[in-house]
Novice: 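One structure coming up, written as structure tokens, with questions to follow.
By convention here, the first residue in the shown sequence is residue 1. Remember, predicted model here, so these are calculated numbers, not experimental data.
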Amino acid sequence: MTGIRFFNTLTRNKEDFVPQSPGRVGMYTCGPTVYEYASIGNMRAYVFADILRRTLEYNGLEVNMVMNITDVGHLVSDADEGEDKMMISARRERKTPWEIARHYTEVFLDDTKRLNIRPVTVLCYATQHIPEMIAMVQELADRGYAYETSDGVYFDISKFPEYGCLSRINLSEQKAGARVEVNPEKRNPADFALWKKAPAEHIMQWESPWGMGYPGWHIECSAMGRQYLGDQFDIHTGGIDHIPVHHENEIAQTAACTGQPAARFWMHVEFLLVDGGKMSKSLGNVYTVSDLEARGIEPLAFRYLCLGAHYRAKLNFTWEAVAGAQKGLFALRRAVQKDSKEDRLRDVQGRALSHNALRFREDFLQAVNDDLNTPQALAVLWEATRSGLGSELLELARDCDRVLALDLAKGRLGPDVDIAAGDLPDYVRALLEERHQARLARNWKRADAIRDELAGLGYGVKDTPGGYQVTRIVTPDSH
Ligand code: AMP
Ligand code: ZN
């Protein structure tokens with residue numbers, strides 16, 4: 001069997017991955033802060049975590065995947081200053097933070113579904129785990145790692161000499177270069193809040209040994225990770241922005257209680273850029289999955305775009321790039337589905353794959369097991385489409401799709417028109433799609449009825465080996 005190797009941020013090395021309990025993997029993924037719509041940048045992080053989980057499962061491992069929803073405690077600044085992001089959105093939208101959390105969580109989960117990101121094993125909400133967080137802060141205080149100030153309880157990083165091990169920050173340099181300290185009660189500039197005392201107007205607050213307040217963002221993940229996965233688990237994931245503060249702090253908190261840095265493997269996904277730069281509200285380029293769909297891009301085309309880059313490389317999003325990814329995805333599906341006629345399928349089912357097909361499967365496995373090399377994995381599948389596998393190609397693609405999740409065997413093939421150019425009315429697209437689905441289901445009667453309906457609307461549709469072509473029927477009265 002091909003061994004699995006992952007790049008571990010903790011050691012800066014690609015290492016052999018072997019789960020600590022044979023056959024079973026415990027994995028924690030930092031979930032979204034639900035105060036606004038998740039951007040496609042955020043979604044890149046969850047596509048990555050999903051590919052990781054699917055790859056482990058493809059290797060026959062059972063994965064216990066835990067993800068949190070941050071619905072309290074994530075402040076505007078990572079230096080524990082400013083307001084809770086939930087409160088700002090609540091004020092802006094004249095809703096309670098609870099309503100804000102519910103709405104944005106629902107939309108987030110819906111977006112993940114459209115990207116074929118499988119539901120995690122345990123989805124845990126920060127607001128439902130306050131007692132566990134308080135207990136962990138208390139444990140840190142009892143062990144001498146925490147101190148109380150007028151506005152909260154802080155972790156004293158000078159008590160934890162390994163602080164900085166993940167990002168390899170040199171704290172003495174940081175101290176010397178530190179700008180004016182915002183909170184004079186902190187003992188060290190990098191000390192961080194475990195618990196914040198709440199001002200009266202703060203709606204989300206709970207009783208604690210330090211008065212009414214709410215948890216710090218970092219303790220949330222430490223407490224929930226520990227509760228569901230134990231003191232030491234296999235993998236922890238997040239975006240690269242989590243390395244210097246959030247994950248450094250998580251490691252300090254957990255290790256101070258347990259002696260272990262929570263996870264053995266820390267894996268981080270690089271950023272998605274838009275037009276070569278950072279996404280930002282002021283530039284108006286913070287796109288969501290719904291924005292993609294509004295422009296005729298199916299969510300899985302974005303997934304395909306993500307898989308075309310290695311997760312540790314920056315990925316630049318442009319509308320041209322995602323339209324190109326969609327074309328590529330449709331072409332791959334066409335190649336895979338062209339031999340999907342049932343009679344041919346019957347040939348293959350129940351028969352072992354030929355040596356040729358197995359070789360592609362092995363190459364695919366090797367690619368994903370090599371630190372999730374999805375660009376290489378896609379290249380293997382493309383090569384397979386050109387190698388005369390016949391109806392076995394569909395079987396192979398179905399198998400690879402357990403990891404890729406691009407609906408290769410059943411997804412839309414797309415019309416042979418430039419749909420990104422938006423030159424078809426929505427109702428025509430809907431009919432074309434319905435006809436395509438009817439044909440896939442071999443419902444010829446329905447497919448023909450739709451073709452007649454389209455003709456009545458002035459659109460001709462011609463089936464081709466790779467999909468279909470749409471033409472505008474020009475009649476004397478259409479001028
Ligand atoms: P947040 O909701 O801000 O906590 O972020 C959710 C996840 O998205 C985290 O894992 C971040 O690291 C990740 N993330 C945020 N922006 C981007 C981006 N532009 N590209 C990739 N991942 C991102
Ligand atoms: Zn986290």
Side-chain angles (χ1 to χ4, degrees), residues 40 43-44 46-47 50-51 54 58 110-119 289-308 321-342 344-345 348 360 364 368 374-375 377-386 389 391-420 424 426 428-443 446-447 450 461 463-470:
I40 52 174
M43 298 322 284
R44 182 187 190 196
Y46 300 111
V47 166
D50 183 63
I51 291 286
R54 286 172 178 273
Y58 191 68
D110 194 50
D111 283 353
T112 58
K113 209 162 140 191
R114 286 186 288 168
L115 286 166
N116 272 355
I117 295 171
R118 293 231 325 269
V289 173
S290 298
D291 292 333
L292 299 180
E293 289 187 302
R295 296 229 201 162
I297 299 295
E298 77 164 63
L300 293 184
F302 176 70
R303 187 175 172 109
Y304 185 87
L305 180 74
C306 290
L307 301 190
V322 79
Q326 173 146 295
K327 279 198 176 130
L329 174 62
F330 286 162
L332 184 57
R333 285 180 184 158
R334 277 185 212 133
V336 164
Q337 290 179 25
K338 76 175 189 301
D339 287 314
S340 70
K341 301 253 163 40
E342 268 175 28
R344 299 227 192 167
L345 248 187
V348 168
F360 284 112
F364 178 85
V368 290
T374 50
L378 283 175
V380 170
L381 194 53
W382 271 111
E383 198 194 326
T385 65
R386 293 186 288 262
L389 283 180
S391 47
E392 273 191 331
L393 176 63
L394 184 68
E395 287 299 291
L396 177 74
R398 278 216 177 100
D399 184 65
C400 298
D401 223 18
R402 286 164 53 204
V403 177
L404 305 172
L406 292 167
D407 287 357
L408 294 175
K410 62 175 196 294
R412 289 179 58 211
L413 305 177
D416 285 344
V417 290
D418 188 6
I419 73 156
L424 285 176
D426 283 345
V428 174
R429 274 184 216 193
L431 283 172
L432 285 165
E433 173 64 14
E434 204 192 327
R435 183 169 175 278
H436 174 60
Q437 292 303 331
R439 284 178 58 83
L440 281 183
R442 305 171 74 79
N443 185 347
R446 179 74 193 127
I450 297 173
V461 50
D463 296 300
T464 65
Y468 49 88
Q469 266 176 345
V470 186

Novice: Just verifying a value: how many Å separate Met43 CE and Leu115 CG, rounded to the nearest 0.5 Å?
Specialist: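 The distance works out to 5.0 Å.
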Novice: Would you say the side chain of Leu389 lies within less than 4.5 Å of the side chain of Phe360, judging by non-hydrogen atoms?
Specialist: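 Counting from C-beta outward, Phe360 and Leu389 do come under 4.5 Å.
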Novice: Considering residues at least two apart in sequence or located in another chain, which fulfil the side chain to side chain contact (heavy atoms under 4.5 Å, CB included) criterion with Thr374?
Specialist: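 For Thr374 the side chain to side chain contact (heavy atoms under 4.5 Å, CB included) partners, ignoring immediate neighbours, are Ile51, Leu307.
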Novice: First locate atom CZ of Phe302, then atom CG of Leu329, and finally report the distance between them rounded to the nearest 0.5 Å.
Specialist: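 Answer rounded to 0.5 Å: 13.5 Å.
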Novice: Going from CG on Asn443 to CD on Glu434, what distance comes out if it is rounded to the nearest 0.5 angstrom?
Specialist: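 Here the rounded value is 9.5 Å.
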Novice: Does Glu298 use its side chain to pair, donor to acceptor, with the backbone of Gln326 at less than 3.5 Å?
Specialist: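 Not confirmed, Glu298 side chain does not pair with Gln326 backbone.
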Novice: Verify side chain to side chain contact (heavy atoms under 4.5 Å, CB included) between Val403 and Phe364, making sure each step is shown before the conclusion.
Specialist: CA-CA 10 Å; Val403 177; Phe364 178 85; 4.1 Å; yes
Novice: Over all heavy atoms of both residues, which pair between Cys306 and Val47 is shortest? Give the atoms and the distance, please.
Specialist: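 Smallest interatomic distance, heavy atoms only, reads CB-CG1, 4.1 Å.
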Novice: Going by the rule salt bridge (Lys or Arg N to Asp or Glu O under 4.0 Å), which residues pair with Arg303 if we only count those two or more places apart in sequence or in a different chain?
Specialist: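 Arg303: salt bridge (Lys or Arg N to Asp or Glu O under 4.0 Å) contacts with Asp50.
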Novice: Once side chain to side chain contact (heavy atoms under 4.5 Å, CB included) is applied, do any residues pair with Asp407, and if so which ones, sequence neighbours excluded?
Specialist: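 Residues passing side chain to side chain contact (heavy atoms under 4.5 Å, CB included) with Asp407: Asn116, Leu300, Arg333, Lys410.
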Novice: Counting only N and O atoms by type, is there a donor-acceptor contact under 3.5 Å from the side chain of Gln337 to the main-chain atoms of Gly411?
Specialist: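 Yes, Gln337 side chain to Gly411 backbone: donor-acceptor pair under 3.5 Å.
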Novice: Report the distance from atom CD of Glu395 to atom SG of Cys400, rounding to the nearest 0.5 Å.
Specialist: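 Reported to 0.5 Å precision, the distance equals 11.0 Å.
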Novice: Any heavy-atom pair between the side chains of Val289 and Thr112 that's under 4.5 Å?
Specialist: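 No; the side chains remain at least 4.5 Å from each other.
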Novice: Once you round to the nearest 0.5 Å, how far does CZ of Arg386 lie from CG of Leu393?
Specialist: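 One finds 11.0 Å between CZ of Arg386 and CG of Leu393.
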Novice: So, using ring pair (Phe, Tyr, Trp, His ring centres under 6.0 Å) as the criterion, who are the partners of Tyr304 when residues are at least two apart?
Specialist: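 So Tyr304 forms no ring pair (Phe, Tyr, Trp, His ring centres under 6.0 Å) with any residue.
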Novice: Do Ile40 and Arg44 have side chains that approach each other closer than 4.5 Å (heavy atoms only, starting at C-beta)?
Specialist: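 Heavy-atom side-chain distance check fails, nothing below 4.5 Å.
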Novice: Could you tell me which residues satisfy side chain to side chain contact (heavy atoms under 4.5 Å, CB included) with Asp401, sequence neighbours excluded, listed by chain and number?
Specialist: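 Listed in chain order: Leu404, Leu406, Leu408.
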Novice: From the options Arg435, Glu433, His436, Gln437, select the one residue that forms a side-chain contact (heavy atoms from CB on, under 4.5 Å) with Ile450.
Specialist: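 Considering Arg435, Glu433, His436, Gln437, a side-chain contact (heavy atoms from CB on, under 4.5 Å) with Ile450 is found only for Arg435.
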Novice: For Ala438 and Ala447, work out which heavy atoms get closest and say how close.
Specialist: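 Scanning both residues completely, I find the closest heavy atoms to be CB-N, 4.0 Å.
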Novice: Can you name the side chain to side chain contact (heavy atoms under 4.5 Å, CB included) partners of Arg402, sequence neighbours left out?
Specialist: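 With sequence neighbours excluded, Arg402 shows a side chain to side chain contact (heavy atoms under 4.5 Å, CB included) to Tyr58, Arg361, Asp399, given in chain and number order.
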Novice: Please name the pair of heavy atoms, one in Ala325 and one in Ala301, separated by the smallest distance, quoted to 0.1 Å.
Specialist: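 Closest approach of Ala325 to Ala301, heavy atoms only: CB-O, 3.6 Å.
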